[in-house]
Each structure stands twice: as C-alpha cells, then as structure tokens.
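Letters go in sequence order (proteins before strands), and every chain restarts at 1.
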There are 2 protein chains.
Amino acid sequence: MVAGPLPAPSGPGKDRLRLWIRLLRASRTIEAELRERLKKDFNTTLPRFDVMAALYRAPEGMLMSDLSRFLLVSNGNVTGIVDRLVSEGLVARARRNGDRRTSMVRLTEEGTQAFATIAAAHEGWIGELLGKVSEDDARRLTGMLTSFRSNWEGRE
Amino acid sequence: MVAGPLPAPSGPGKDRLRLWIRLLRASRTIEAELRERLKKDFNTTLPRFDVMAALYRAPEGMLMSDLSRFLLVSNGNVTGIVDRLVSEGLVARARRNGDRRTSMVRLTEEGTQAFATIAAAHEGWIGELLGKVSEDDARRLTGMLTSFRSNWEGRE
DNA sequence: ATATAAAACTTTAAGCTTGAAATATCTTGT
DNA sequence: ACAAGATATTTCAAGCTTAAAGTTTTATAT
C-alpha cells in the first residue's frame, strides 16, 4: 500500500485504512534506515540481525521451525539465512540425538559477541529514530498494538 | 527485529524499543495476510498492488522517480515491477516530448478496472483485519504515527 | 560551443522471500 | 513388522529488493 499525502478518503472504514497506511509507512521508513545502518556500520542485513536476535534470546538453541514461526517468515527463507550465518561462523547447527530430522541452531561464541555489539548500536538507533515519541506515547501505542496482536495470535 | 513473547526488558529507551518491535510485528502480520489474499484471490502481489495504487491516484501518470520516492523503494526495484505490469497490459509507459530520459507511467484502461476491483476487496480486508481496533483508537494511533512521520519528511 | 556535471533511468550481482515440491525421518495403526 | 501418514527440513523457480555501476539525455559553466 503505502499511500500518502493526498486527498484524505472518507467514509466508513476509512479510518482503519488510513491507520494501516500510516503503520506501513512508519515501519518501512524505520526499516529502511536500520537496513542502511546495519550495512554501513556492520556489513550485515536486517534478516541476519533478526535471526541472531532470536537466537540470542535462546541460548539453548532453536529449531528451524521455531525460528520461522517466531520471525513470521517461511521455512525455506530461514534455511538460506542460517546457511549464510553458518558459513560466516556466527551460527552453528547441532545434530540432536532424539530426532534426526531436526537440529538445534544456536549462536557461536563469535556470533554472540558480534550480536551484543550490534544490538547495543541498534537500541541506540531506535532511541534516536523514535526520539520524538514521548515515553508516554510509546507505552500507549505499544498497548494498542499489543491488544491488536492478541486478535491474531494462534490463527490459522 | 521482531522480538516477542519473552522477558520484558527494562531500562531507559526500552519503551521505544518495545514499541518498534510491536510496530514491526503488527505490520508484518498484516502484510503477510494481504500478500496471501492478493495471491489467492487476484493472482497478484503486494508490490504490484502498491504501484497500481500509486498510479490510480495520479491519472495523469507518474515518473519512475516519483514512484520510487513515493513507495519508499529503490529505482531499480520499480523498473522491474513496472516492466512486469507493462507485460501484463495493466500499465503503460508514455514517452514525453520534453525530456527523453523520462516517461510517464500510467494505468491502462484494463489496469484501472482491475485495480478498482482489487482495491475494494483490499479495503474490506483491512476493515476485517483491524476490526478490533475501535474507530477512536484508529484515529488516535494515526495521529501519533503522523506526528512521528513529520520528523522524517524530507530528510537526507 | 563544448566540456563537465547533473539527472533519470536501467542493468547487474547478491541476497531475501514465498509457495510448492521433494527428501528424510519419525509415528501410528494394524 | 510394515504400510500409511505426519513432521521437519531443504530445494526450487519466480519474483522482490538493494546498492552500485552503467547508459542516455539534459543542464551548466566557461
């Protein structure tokens, strides 16, 4: 979508449509900025960062299917990203005794170190990019988005 | 990013980080649903829809650079999407007399018809997907996101 | 006039993304 | 034990995406 600065449509349902357009533009703007900074400052990408962030929170590791469910992307997608992270030595696949279909994916020592550095910068960027949003508004907005999310959890 | 249901981090700036994570998850969830429905019901994609939506609002046509600026994507990206829309007969490039580097891109008659149909369905989907957000909250959220956006307009 | 720079666009290489098909492994019913 | 089905993952083809390099055309400064 990403419609923008033009004739404000009116009518029933238009408020939600407008909300969606704003939501999408906001997230795309921020995402673009993060992508650029990740590239310039750390020579990495947003998808790689996403995967590492998920793994950082799970020291014991995650299954590929856990990753794809958590990140809201397809299985095949995760395979490629993890492959690249493995080839860069940031992530490792560990075979499991119980089930030979699966393997636990986790950050290597190097990956953990690297992520900690990037994550610190990332948090600073977000603080900067959302600087004009007051802490109060941030909490209120988060609350609204959370209640929205609960309508969606566990669909399908 | 897309972190999620885990130990709520605390500290200065964490509220904004949490807001960003929620924002991103919300837009990805909705985007994924729209993408799926556009594919199933109309055999098209979100990027194609975005381009057509932009052109629908500009009957006189748009330059490629206008499109890429408006949609927040790169030039080369738009080239590919428009190429495909042209080959499908939904969009046309019209040479301009004044400047031979550029061409006006616009919807064909067929493209206009097709878009009107898809847009109607799209608006219904948004109403459904954001149904739990009250009109009141929708307006308030939109307001917050708009003021956020104004900090970003015309950067770079 | 004419070189130089600027602008608009396209091409390219690498990586991301999806949905569908293929592979391998495990589980269940008999 | 064994077939049939379910699970977990990878592979594949097509399309999306970016940044960087290349092409063509227009504008500017001598």
Asks: Would you kindly give the CZ-to-P distance between Arg35(A) and dG15(C), to the nearest whole Å?
Replies: 16 Å
Asks: So do the side chains of Phe70(A) and Arg57(A) get within less than 4.5 Å of each other, counting heavy atoms only?
Replies: yes
Asks: Any side-chain N or O of Arg100(A) less than 4.0 Å from the OP1 or OP2 oxygen of dA24(C)?
Replies: no
Asks: Rounded off to whole Å, could you give me the CE-to-C1' distance for the Met62(B) and dA8(C) pair?
Replies: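 Value for this atom pair: 15 Å.
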Asks: Could you give the CD-to-C1' distance, from Glu36(B) to dA20(C), as a whole number of Å?
Replies: 13 Å
Asks: What pairs with Asp99(A) under side chain to side chain donor-acceptor pair (under 3.5 Å), at least two apart in sequence or on another chain?
Replies: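 So Asp99(A) forms a side chain to side chain donor-acceptor pair (under 3.5 Å) with Arg101(A).
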Asks: Mapping Asp66(B) and Lys39(B) to their closest nucleotides on DNA chain C, which lands nearer the 5' end?
Replies: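 The answer here is Asp66(B).
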Asks: The criterion is side chain to side chain donor-acceptor pair (under 3.5 Å); which residues satisfy it with Glu60(B), sequence neighbours excluded?
Replies: none
Asks: Under a 4.0 Å N-O cut-off, is there an ion pair linking Arg16(A) with Glu128(B)?
Replies: no
Asks: Show every salt bridge (charged side-chain N to carboxylate O under 4.0 Å, His left out) that has at least one partner inside residues 64-76 of chain B, sequence neighbours left out.
Replies: Asp66(B)-Arg69(B)
Asks: Indicate yes or no: at least one non-hydrogen side-chain atom of Met144(A) is less than 4.5 angstrom from one of Met144(B).
Replies: yes
Asks: Only counting residues at least two apart or in another chain, list the ones meeting side chain to side chain donor-acceptor pair (under 3.5 Å) with Gln113(A).
Replies: Glu109(A)
Asks: What residues form a side chain to side chain donor-acceptor pair (under 3.5 Å) with Thr102(B), not counting sequence neighbours?
Replies: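 By the side chain to side chain donor-acceptor pair (under 3.5 Å) rule, Thr102(B) matches Arg96(B).
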Asks: What's the CG-C1' distance between Leu38(B) and dG19(C), to the nearest Å?
Replies: 15 Å
Asks: Could you list all N or O pairs between the protein and nucleotides 2-6 of chain D that sit under 3.5 Å apart?
Replies:
none

Asks: What integer distance in Å separates Leu85(B):CG from dA14(D):P?
Replies: 19 Å
Asks: Of the residues in residues 74-82 of chain A, which ones touch DNA chain C at a heavy-atom distance under 4.0 Å?
Replies: Ser74(A), Gly76(A), Asn77(A), Ile81(A)
Asks: Considering just the side-chain nitrogens and oxygens of Arg93(B), establish if one lies under 4.0 Å of OP1 or OP2 belonging to dT10(C).
Replies: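 True: Arg93(B) side-chain N/O within range (under 4.0 Å) of dT10(C) OP1/OP2.
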Asks: Between side-chain atoms of residues 86-93 of chain B and protein atoms elsewhere (two or more places apart, or another chain), which donor-acceptor pairs fall under 3.5 Å?
Replies:
| residue | atom | partner | partner atom | Å |
| --- | --- | --- | --- | --- |
| Ser87(B) | OG | Arg84(B) | O | 2.9 |
| Glu88(B) | OE2 | Arg48(B) | NE | 3.3 |
| Glu88(B) | OE2 | Arg48(B) | NH2 | 2.7 |
| Arg93(B) | NH1 | Asp83(B) | OD1 | 3.0 |
| Arg93(B) | NH2 | Asp83(B) | OD1 | 3.0 |

Asks: Mind checking Arg96(A) for me? I need base, sugar-phosphate or nothing, with any heavy atom below 4.0 Å counting as a touch.
Replies: nothing
Asks: To the nearest Å, give me how far apart CG (Leu46(B)) and P (dA14(D)) are.
Replies: 22 Å
Asks: Filter on ring pair (Phe, Tyr, Trp, His ring centres under 6.0 Å), then keep only pairs touching residues 94-116 of chain A, sequence neighbours left out; what's left?
Replies: Phe49(A)-Phe115(A), Tyr56(A)-Phe115(A)
Asks: Pairs in or reaching into residues 88-108 of chain B: which pass ring pair (Phe, Tyr, Trp, His ring centres under 6.0 Å), with residues at least two apart or in two chains?
Replies: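 Residue pairs passing ring pair (Phe, Tyr, Trp, His ring centres under 6.0 Å), neighbours aside: none found.
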Asks: Send over the distance from Glu88(B) CD to dG15(D) P, rounded to a whole Å.
Replies: 9 Å
Asks: What contact category does Arg69(B) fall into here, base, sugar-phosphate, or nothing, at under 4.0 angstrom with non-hydrogen atoms?
Replies: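 The answer is nothing, as Arg69(B) stays clear of every strand by at least 4.0 Å.
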Asks: Calculate the interatomic distance between Met64(A) atom CE and dA24(C) atom C1'; express it in whole Å.
Replies: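 Value for this atom pair: 15 Å.
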Asks: Would you kindly compare Asp99(A) and Pro47(A) by the position of their nearest DNA chain C nucleotide and give the one closer to the 5′ end?
Replies: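 Residue closer to the 5' terminus by nearest nucleotide: Pro47(A).
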Asks: List every contact pair, protein side and nucleotides 1-3 of chain C side both N or O, where the distance is under 3.5 Å.
Replies:
none

Asks: Name all residues meeting the side-chain contact (heavy atoms from CB on, under 4.5 Å) criterion together with Asn77(A); count only those two or more places apart in sequence or in a different chain, and write none if there are none.
Replies: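 Scan of Asn77(A) (side-chain contact (heavy atoms from CB on, under 4.5 Å), adjacent residues dropped) gives Val73(A), Ser74(A), Ile81(A).
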Asks: Starting from the 5' end of DNA chain D, give me the residue, Asp83(A) or Lys40(A), whose nearest nucleotide shows up first.
Replies: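 Nearest-nucleotide comparison on DNA chain D picks Asp83(A).
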Asks: Within less than 4.0 Å of OP1 or OP2 of dC9(C), is there a side-chain N or O belonging to Ser65(B)?
Replies: yes
